[in-house]
Asker: 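Before I ask anything, let me first share the structure, which is written out below as structure tokens.
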Amino acid sequence: MKDQLQELLTKCVQDLISKGILKEMPSKIRIDHTKDNSHGDYATNIALMLSKQAKMSPVELAKIIIDQFEQKNFIKKIEIAGPGFINFFISQESSSSIVNEILAQAASYGCSDIGQGKKVLLEYVSANPTGPLHVGHGRGAAYGATVSNLLRNAGFIVDNEYYVNDAGRQMDILTVSIYLRYLTICGEDLRFPDNGYQGQYINDIAQGIYETSGQKFHLKSDLVFENVCRDGTEGGDKEVHIDQLIEKAKSILGDGFKAVFEVGIESILSGIKNDLAEFGVVFEKWFSEQSLIDSGLSESCISKLKDSKNLYEKDGALWFKTTNYGDEKDRVVVRDNGNHTYFASDIAYHLEKLNRGYDKIINVWGADHHGYIPRVKASIEALGHNSDKLEILLVQFANLYRGGSKAQMSTRSGSFVTLEDLRAEVGNDAARFFYILRKSEQHMDFDLDLAKSKTNENPVYYIQYAHARICSVFKQADEKELELDVSQANLSLLTEEIEKDILRELSRFRSVLESSAIQYEPHQLAYYLRDLSNHFHSYYNACKFIVDDKNLTQSRLALINATQQILKNGLSILGVGAPESM
RNA sequence: GCGCCCAUAGCUCAGCUGGAUAGAGCAACGGCCUUCUAAGCCGUAGGUCAUACGUUCGAAUCGUAUUGGGCGCGCCA
């Protein structure tokens, strides 16, 4: 309907151009759903936009446009209103046909092909595998998964990917943390380093190693701590302290160090996978950072950059001249100790992504990484690709409040609320919905007490309740042996104001999906579903659906059946269930 | 100091890329269950869209400056 109007209007403007009344096509011709139904069903501001080039007042121009406009029978009325808006009123028959469309296409109603089968790689979460996911990661997970659903629904082919940072120093710290806990279980008396990972999960992993391997890795703690400098709180340097512990453990443990590491990362990763799967977040691929080093891609990227004169040496380290590509300072890719930086892996990773032939690469990052964007784009350009292919979506932090004060979320200290805890407390549906309800670039206050204690006030239930209520109506209809037969429904009987409102609301669904997908804004869909539910609840209170008049009953059941379908389709994209009863 | 994000009702947030009288949810107040689920509905109240200029037919939306908050500015990841 909207598309048809758009076409007609475009043609109309073209005709006026050929008549010499208008000079040139505007960059876009907009037809919008109206906010206020006294303004009709659709409106355009075209006359306001073009009044200047036509050298006449918007109202005059609007008149000319309407005269030129090809009248169709689905248009009941065209009006000029306000400063020069053109409002279109759609005929009752035509606007109620949306119900038939929805019921005919059912679960696939709302799908589109605006993506034209373009291939998209969507990377998100990618939390370091040093511990369970916390509530901060949940936002990225819910957001990424929903964007993925939206894009798929819009005809893009989407691969979801999780980048696993399984290389580097933090993995060593993780391993040492586990190992020291293991030694404690073996009966050693030792002091746990300040910089170690302190969560209970570390103890659990250590316990697991003890149970399967017994004393196999047991060494005297005196040996491990021999010649290691003092820790931070003992007046030493906590970074040096832990680095020396790592070196010590590696040298005396040999292959055992790797064995402990393998058990540790396997345990943590499977926990993360499980957690996300239960949250309805599924990745096609888990990409290992280590694999970039093992395959030599990381090394070959550095060679390429070296060959293209993008690297230089300073203070014993190898620097990438990212300032040539708009970064504010140059970045180190190889440290003076010979180790590659995280950035070096990331260069290789992005090159690898590009080589896989995607049309678009999207990274969802925490907003704290925004300063990282120029250097990654720089690396893409330097390796001869177009950095526009990479789109980075930033998600702001969720500030966690508990008991009215901000809760800390540090993995290192182990004092955080896990995503798993949150899901257990508020449920997957509420958590998914709550996370995407806010625009991603908005800071978000997540009040745990509110989310946990007052779950009934969570807006997700409002929508689910609307769905359940409709199911309940059909249950009633069933008992009265009424069956919905759309072909029997005379939709022109839907003349109540609220019924027209719902028809208008239903007709918006497609454009909401399109807009949410293109702008990567799931919250638009969430707000839409809330509005639709609101209209339905009003309808429910204002009118009875199952009435003596059989024809009217059929039409009303058809209308709420279509509403139910839209709620279901929308919730499914949000990754939220549509319960039949509550 | 420089860069990015943000500022809308008492609180938490929308506002469809510049449009018509700025909206919703909580919280407050007043109504609605002998009727398909009251996790609901209807109504009332609540605003200098941080501030000041500017751009134009028209600004919460765009530009500049200021104020106030978040984040970033490692040979960490």
Side-chain angles (χ1 to χ4, degrees), chain A residues 28 30 32-36 38-39 43-45 48-49 51-52 57-58 81-85 87 126-128 130 165 167-171 239 289 314-319 328-329 331-343 345-346 366-374 394 396-397 399 437-439 441-447 450 454-462 464-466 468-477 479-480 508 511-512 515-516 519 521 523-524 526-528 530-531 533-534 536-547 556-557 560 581-582:
Chain A
K28 62 187 164 198
R30 284 190 66 140
D32 291 316
H33 293 271
T34 54
K35 278 188 240 178
D36 184 339
S38 69
H39 297 145
T44 180
N45 61 354
L48 292 153
M49 305 261 298
S51 69
K52 196 172 234 175
S57 80
F85 291 100
N87 296 333
S126 299
N128 292 332
T130 54
N165 295 116
R169 178 169 177 258
Q170 57 173 347
M171 288 296 103
E239 302 292 345
E289 178 186 0
K314 195 180 88 179
D315 304 331
L318 205 52
W319 296 70
E328 54 186 16
K329 56 177 84 166
R331 312 290 173 178
V332 170
V333 286
V334 182
R335 287 199 284 265
D336 57 5
N337 65 8
N339 289 340
H340 289 192
T341 59
Y342 170 85
F343 179 40
S345 306
D346 233 11
D368 55 331
H369 285 69
H370 72 258
Y372 203 78
I373 297 171
L394 296 176
Q396 290 287 345
F397 274 168
N399 290 319
L437 193 55
R438 269 84 183 109
K439 219 155 98 174
E441 65 259 38
Q442 265 284 2
H443 299 110
M444 163 174 153
D445 287 343
F446 202 127
D447 189 327
L450 190 86
K454 297 182 173 182
T455 55
N456 287 358
E457 288 175 10
N458 195 304
V460 72
Y461 295 107
Y462 184 83
Q464 291 184 318
Y465 183 45
R469 261 185 157 176
I470 297 173
C471 291
S472 175
V473 171
F474 280 105
K475 214 174 286 167
Q476 295 282 333
E479 282 164 17
K480 293 179 182 166
R508 277 180 57 213
S511 41
V512 168
S515 168
S516 304
Q519 296 177 76
E521 291 188 347
H523 76 275
Q524 287 187 27
Y527 276 92
Y528 167 80
R530 216 212 158 272
D531 284 346
S533 301
N534 181 17
F536 168 74
H537 286 308
S538 298
Y539 188 27
Y540 185 93
N541 278 273
C543 303
K544 207 156 157 39
F545 309 133
I546 300 171
V547 290
R556 288 186 169 170
L557 289 181
I560 65 170
S581 68
M582 290 174 75

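Order of the sequence lines sets the chain letters (A, B, ...), proteins ahead of strands, with each chain counted from 1.
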Asker: Would you kindly give the OH-to-P distance between A/Y462 and B/C13, to the nearest whole Å?
Answerer: 21 Å
Asker: For nucleotides 74-77 of chain B, which of its nitrogen or oxygen atoms have a protein nitrogen or oxygen under 3.5 Å away, and what is each distance?
Answerer:
{"unit_1": "B/G74", "atom_1": "OP2", "unit_2": "A/K329", "atom_2": "NZ", "d": "2.9"}
{"unit_1": "B/C75", "atom_1": "O2", "unit_2": "A/D336", "atom_2": "N", "d": "2.9"}
{"unit_1": "B/C75", "atom_1": "O2", "unit_2": "A/D336", "atom_2": "OD1", "d": "2.9"}
{"unit_1": "B/C75", "atom_1": "N3", "unit_2": "A/D336", "atom_2": "OD2", "d": "3.4"}
{"unit_1": "B/C75", "atom_1": "N4", "unit_2": "A/D315", "atom_2": "O", "d": "2.7"}
{"unit_1": "B/C76", "atom_1": "OP2", "unit_2": "A/R335", "atom_2": "NE", "d": "3.2"}
{"unit_1": "B/C76", "atom_1": "OP2", "unit_2": "A/R335", "atom_2": "NH1", "d": "2.6"}
{"unit_1": "B/A77", "atom_1": "OP1", "unit_2": "A/R335", "atom_2": "NH1", "d": "3.4"}
{"unit_1": "B/A77", "atom_1": "OP2", "unit_2": "A/Y342", "atom_2": "N", "d": "3.2"}
{"unit_1": "B/A77", "atom_1": "O3'", "unit_2": "A/Q170", "atom_2": "NE2", "d": "3.0"}
{"unit_1": "B/A77", "atom_1": "O2'", "unit_2": "A/N128", "atom_2": "OD1", "d": "3.1"}
{"unit_1": "B/A77", "atom_1": "O2'", "unit_2": "A/N128", "atom_2": "ND2", "d": "2.7"}
{"unit_1": "B/A77", "atom_1": "O2'", "unit_2": "A/Q170", "atom_2": "NE2", "d": "3.2"}

Asker: B/U55 and B/A65: how far apart are their C1' atoms, nearest whole angstrom?
Answerer: 15 Å
Asker: Salt bridge between A/R169 and A/E239, side-chain N to carboxylate O under 4.0 Å?
Answerer: yes
Asker: When you get a sec, tell me which of B/G15, B/A14, B/A24 is the closest nucleotide to the side chain of A/E521?
Answerer: B/G15
Asker: Base, sugar-phosphate, or nothing for A/A468, non-hydrogen atoms under 4.0 angstrom?
Answerer: base
Asker: Mind checking what makes ring-ring contact (aromatic ring centres under 6.0 Å, His included) contact with A/Y528, not counting sequence neighbours?
Answerer: A/F509
Asker: Select one nucleotide: of B/A20, B/C57, B/A14, the one nearest the side-chain heavy atoms of A/Y527.
Answerer: B/A14
Asker: Go through the steps for A/Q524 and A/S515 under the test side-chain hydrogen bond (donor to acceptor under 3.5 Å, both in side chains), then give the verdict.
Answerer: CA-CA 8 Å; A/Q524 287 187 27; A/S515 168; 2.6 Å; yes
Asker: Could you please name the option among B/G3, B/A39, B/G19 that lies closest to any side-chain atom of A/E328?
Answerer: B/G3
Asker: Have a look at A/A542 and say if it touches a base, only the backbone sugar-phosphate, or nothing, with a 4.0 Å heavy-atom cut-off.
Answerer: nothing
Asker: My understanding is that only residues two or more places apart in sequence, or in another chain, count here; which of them pass side chain to side chain donor-acceptor pair (under 3.5 Å) with A/S38?
Answerer: A/D36
Asker: Which atom pair, heavy atoms only, marks the closest approach of A/A43 to A/T34?
Answerer: CB-CG2, 3.6 Å
Asker: Using the 3.5 Å cut-off, write out each protein N or O paired with an N or O of nucleotides 42-45 of chain B and the distance between them.
Answerer:
{"unit_1": "B/C42", "atom_1": "OP1", "unit_2": "A/S538", "atom_2": "OG", "d": "2.8"}

Asker: Work out how far the P atom of B/U21 is from that of B/G58, and round it to whole angstrom.
Answerer: 14 Å
Asker: Do we see A/Y540 stacking on the base of B/C36, given a limit of 5.5 Å between centres and 30° between planes?
Answerer: no
Asker: Categorize A/C543 for me: base, sugar-phosphate, or nothing, with a 4.0 angstrom heavy-atom threshold over every strand shown.
Answerer: base
Asker: Using a cut-off of 4.0 Å on non-hydrogen atoms, how would the nucleic acid contact of A/L48 be classed: base, sugar-phosphate, or nothing?
Answerer: base
Asker: List for me each residue that meets side chain to side chain donor-acceptor pair (under 3.5 Å) alongside A/S472, sequence neighbours excluded, and say none if there are none.
Answerer: none
Asker: In whole angstrom, give me the gap between the P atoms of B/A9 and B/A60.
Answerer: 15 Å
Asker: What interatomic distance, in whole Å, is found between C1' of B/G40 and the corresponding atom of B/U35?
Answerer: 15 Å
Asker: With respect to the side chain of A/K52, which nucleotide from B/C13, B/C36, B/U56 is positioned closest?
Answerer: B/U56
Asker: In whole angstrom, give me the gap between the P atoms of B/A45 and B/A24.
Answerer: 13 Å
Asker: Both atom distances under 3.5 Å, Watson-Crick or G-U wobble: I'd like the secondary structure of RNA chain B as a dot-bracket string, with | for pairs made across strands.
Answerer: (((((.(..((((.....[...)))).(((((.......))))).....(((((..]....)))))).)))))....
Asker: So which nucleotide from B/C16, B/U35, B/C57 ends up closest to the side chain of A/K544?
Answerer: B/U35
Asker: Nearest whole Å is fine: how far is B/G15 P from A/L437 CG?
Answerer: 11 Å
Asker: Classify the nucleic acid contact of A/K480 as base, sugar-phosphate or nothing, counting any heavy atom under 4.0 Å across all strands shown.
Answerer: nothing
Asker: Students often get this wrong, so: under 4.0 angstrom with heavy atoms, is A/T34 touching a base, only sugar-phosphate, or nothing?
Answerer: nothing
Asker: Expressed as a whole number of Å, how far does the P atom of B/G19 sit from that of B/A39?
Answerer: 39 Å
Asker: A/D531 has an atom CG; how far is it from atom P of B/G15, in whole Å?
Answerer: 12 Å
Asker: Name the nucleic acid region contacted by A/N87, choosing base, sugar-phosphate or nothing; use a 4.0 angstrom heavy-atom cut-off, strictly under.
Answerer: base
Asker: Just the atom pairs and distances: protein N or O near nucleotides 59-62 of chain B's N or O, under 3.5 Å.
Answerer:
none

Asker: Would you say A/R530 places a side-chain N or O within less than 4.0 Å of OP1 or OP2 belonging to B/A14?
Answerer: no
Asker: Can you give me the closest heavy-atom contact between A/L557 and A/A477, atom names plus distance?
Answerer: CD1-CB, 4.3 Å
Asker: Under 4.0 angstrom, heavy atoms only, what part of the nucleic acid is A/Q524 near: base, sugar-phosphate, or nothing?
Answerer: nothing
Asker: Holding to ring-ring contact (aromatic ring centres under 6.0 Å, His included), I want the full list of residues that pass it with A/Y527, two or more places apart in sequence or in another chain.
Answerer: none
Asker: Under 3.5 Å, which protein N or O atoms sit close to an N or O of nucleotides 28-31 of chain B? Give each pair with its distance.
Answerer:
none

Asker: In whole Å, what is the span from the CZ atom of A/F545 to the C1' atom of B/C41?
Answerer: 12 Å
Asker: Which nucleotide in the list B/C16, B/A14, B/A20 gets nearest to the side chain of A/H39?
Answerer: B/A20
Asker: Take atom CG of A/D32 and atom P of B/A20, then tell me their distance rounded to the nearest Å.
Answerer: 11 Å
Asker: Taking side chain to side chain donor-acceptor pair (under 3.5 Å) as the definition, give me every residue that meets it alongside A/H33, ordered by chain and number, with sequence neighbours left out.
Answerer: A/S511
Asker: Could you give the CD1-to-C1' distance, from A/I560 to B/C36, as a whole number of Å?
Answerer: 8 Å
Asker: Taking atom C1' in both B/A14 and B/C49, what distance in whole Å separates the two?
Answerer: 13 Å
Asker: OP1 or OP2 of B/A7 sitting under 4.0 Å from any side-chain N/O of A/Q442?
Answerer: yes
Asker: I'd like to check the ring-ring contact (aromatic ring centres under 6.0 Å, His included) partners of A/H537; sequence neighbours left out, ordered by chain and number.
Answerer: A/Y462, A/Y465
Asker: Over all strands shown, is A/A477 touching base, sugar-phosphate only, or nothing at heavy-atom distances under 4.0 angstrom?
Answerer: nothing
Asker: Figure out the CG/P separation between A/D36 and B/G23, and round it to whole Å.
Answerer: 9 Å
Asker: With a 4.0 Å cut-off on heavy atoms, is A/H537 in touch with a base, just the backbone sugar-phosphate, or nothing at all?
Answerer: sugar-phosphate
Asker: Sequence neighbours excluded, which residues qualify as side-chain contact (heavy atoms from CB on, under 4.5 Å) partners of A/V334?
Answerer: A/I302, A/L318, A/H340
Asker: Please state the P separation for the pair B/G3 and B/G74 - nearest whole angstrom.
Answerer: 16 Å
Asker: Taking OH from A/Y539 and P from B/C36, how many angstroms apart are they, rounded to a whole number?
Answerer: 16 Å
Asker: Is A/H523 close enough to B/G15 that one of its side-chain N or O atoms is under 4.0 Å from OP1 or OP2 there?
Answerer: yes
